[in-house]
Number of protein chains: 2
Amino acid sequence: MKTVYERADIVPLLAEIFRELGYEGTSLSRITERTGLGKGSLYHFFPGGKEEMANAVLAEIDAWFEQAIYRPLRQDDARQAIAAMWVNVNDYFRSGRRICLVGAFALDDTRERFSAAIGDYFIRWIGAVRSALSRAGYSDDEAQALAEEGVAGIQGALVLARALGDERIFIRSLETLAKRFEAATR
Amino acid sequence: MKTVYERADIVPLLAEIFRELGYEGTSLSRITERTGLGKGSLYHFFPGGKEEMANAVLAEIDAWFEQAIYRPLRQDDARQAIAAMWVNVNDYFRSGRRICLVGAFALDDTRERFSAAIGDYFIRWIGAVRSALSRAGYSDDEAQALAEEGVAGIQGALVLARALGDERIFIRSLETLAKRFEAATR
DNA sequence: ATATCATTGTACCAATCGGTACAATCATTG
DNA sequence: CAATGATTGTACCGATTGGTACAATGATAT
């Protein structure tokens with residue numbers, strides 16, 4: 001039996017802090033304050049400091065999307081997997097109350113530090129959606145364009161929802177995007 | 001004749017720094033280094049410090065969008081104004097190499113500080129597009145939904161372009177959005 | 001030429017930054 | 001029980017943070 005926390009328990013807490021404050025805005029003191037873990041514990045689990053913490057968070061995010069979003073899109077029934085994506089995305093981002101950490105990292109200098117993980121995230125997301133659309137019968141070009149439109153639309157909807165403090169615009173945006181996809185897959 | 005710089009000359013420099021580094025990531029030392037102005041000058045022009053600098057930048061951005069984007073959309077020929085928007089947006093954001101400062105501020109804790117300006121920016125942008133679409137003959141609901149889709153699509157395209165370091169995806173996204181608008185206004 | 005006010009560089013401030021060192025404590029195992 | 005290794009709190013580090021004070025310099029108007 002381990003102590004109260006192990007590494008895997010801390011990562012989700014870190015994710016939420018990075019999400020709210022951004023990489024630069026997240027200080028060790030805020031981490032200590034919100035996790036209840038002192039520097040001793042933090043540097044024990046993450047000897048590489050803040051950067052290792054952020055990398056652990058990015059890895060966990062990648063793993064979640066892989067199993068919940070990408071894999072179904074690549075393997076399962078195309079229409080079903082796309083329908084599930086809208087639901088899962090809405091849940092994961094709490095209807096726009098939660099932002100996309102990867103998208104946020106991409107927008108400022110933080111990108112330099114994590115460019116590989118950031119690029120991967122979107123490449124694989126778009127690729128998985130394209131795969132599903134291809135199986136639904138569309139040409140590579142059409143599938144690629146619609147996949148990009150979908151992922152970009154989600155990211156944009158997150159920005160709008162946060163900017164306006166209104167989750168309805170997020171839900172509405174997802175519905176609009178879903179209609180675009182339905183029109184293309186019938 | 002004033003000295004080399006006046007307030008209005010500094011604001012665009014500040015805008016570029018905030019864009020690249022984010023609000024938290026922008027330190028006075030970086031500002032000094034990139035503008036060539038010491039603290040004496042900076043606090044002379046912006047007694048309120050970093051926050052006043054950011055507010056000045058946001059005000060300038062708002063003024064630019066008002067004259068270049070919003071006003072034409074509200075007053076000029078609807079189809080023409082929309083076509084001009086795609087071109088101006090592509091130029092302004094340097095095909096995705098430059099990010100939207102307001103969108104970036106919206107994504108982290110910085111939003112708390114500038115929520116009024118951030119909300120205004122998107123409300124007015126969406127409102128202006130809706131106005132043009134309404135004049136092009138569409139119902140309020142349709143116009144609102146398409147306006148939201150357009151603005152969100154632009155923001156999402158900026159995220160993708162930065163994340164992938166690829167400006168072609170930005171240009172491609174704008175073209176896709178433009179087609180959606182054309183389909184709706186004919 | 002002098003008075004005035006805008007502009008600037010520099011020294012300085014307390015607070016906080018990310019990170020290190022290490023002794024104390026904890027649970028586990030032999 | 002003793003030994004071991006994982007976990008933790010605390011003190012401390014130099015560097016940097018945003019901001020202030022102020023004297024020196026610059027330009028301008030009388």
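Predicted model only: the values in this text are computed from it and were never measured. The figures here come from the full heavy-atom set of this structure, side chains too, leaving out hydrogens, waters and symmetry mates.
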Check your understanding: Should the pair Trp125(B) and Phe65(B) be assigned to parallel (<30°), tilted (30 to 60°) or perpendicular (>60°) ring geometry?
Key -> tilted
Study note, to complete from the structure: In whole angstroms, the gap separating P of dG18(C) from CD of Glu33(A) amounts to 13 Å
Study note, to complete from the structure: Taken to the nearest whole Å, CD/Glu52(A) to P/dT20(C) is 11 Å
Practice item. Tell which nucleotide pairs with dT25(C), taking only Watson-Crick or G-U wobble pairs whose two distances are both under 3.5 angstrom. Key: dA6(D)
Check your understanding: To the nearest Å, how far apart are Phe46(A) CZ and dT8(D) C1'?
Key -> 15 Å
Exercise for review: Assess whether atom CZ of Arg168(B) is packed by more than 12 heavy atoms of other residues, nucleotides or ligands within 6.0 Å.
Suggested key: no
Check your understanding: Can Glu16(A) and Arg19(A) be counted as an ion pair, charged N to O under 4.0 angstrom?
Key -> yes
Check your understanding: Once you round it to whole Å, what is the distance between P of dT10(C) and CG of Leu42(B)?
Key -> 14 Å
Review point. Is there a donor-acceptor contact under 3.5 Å from the side chain of Arg98(A) to the main chain of Tyr92(A)?
Key: yes
Review point. Between atom CD1 in Ile10(B) and atom C1' in dA6(C), what is the gap in whole Å?
Key: 13 Å
Point to revise | Asn90(A) side chain to Trp86(A) backbone, donor-acceptor under 3.5 Å | key: no
What nitrogen or oxygen pairs link the protein and nucleotides 18-21 of chain D at under 3.5 Å?
residue	atom	partner	partner atom	Å
dG18(D)	OP1	Thr26(B)	O	3.1
dG18(D)	OP1	Lys50(B)	NZ	3.0
dG18(D)	OP2	Leu28(B)	N	2.6
dG19(D)	OP2	Tyr43(B)	OH	2.7
dG19(D)	OP2	Lys50(B)	N	3.2
dG19(D)	O5'	Tyr43(B)	OH	3.2
dG19(D)	N7	Lys39(B)	NZ	3.0
dG19(D)	O6	Lys39(B)	NZ	2.1

Exercise for review: Compare side-chain N and O positions of His44(A) against OP1 and OP2 of dT8(D) and report whether any pair is under 4.0 Å apart.
Suggested key: no
Practice item. Quickly work out the Leu37(B) CG to dT8(C) C1' distance and round it to whole Å. Key: 9 Å
Practice item. Check for a donor-acceptor pair, side chain of Thr32(A) on one end and backbone N or O of Leu37(A) on the other, with a separation under 3.5 Å. Key: yes
Practice item. Could you tell me the separation between the CZ atom of Arg7(A) and the P atom of dT8(D), rounded to a whole number of Å? Key: 14 Å
Review point. What's the CG-P distance between Leu21(B) and dT17(D), to the nearest Å?
Key: 11 Å
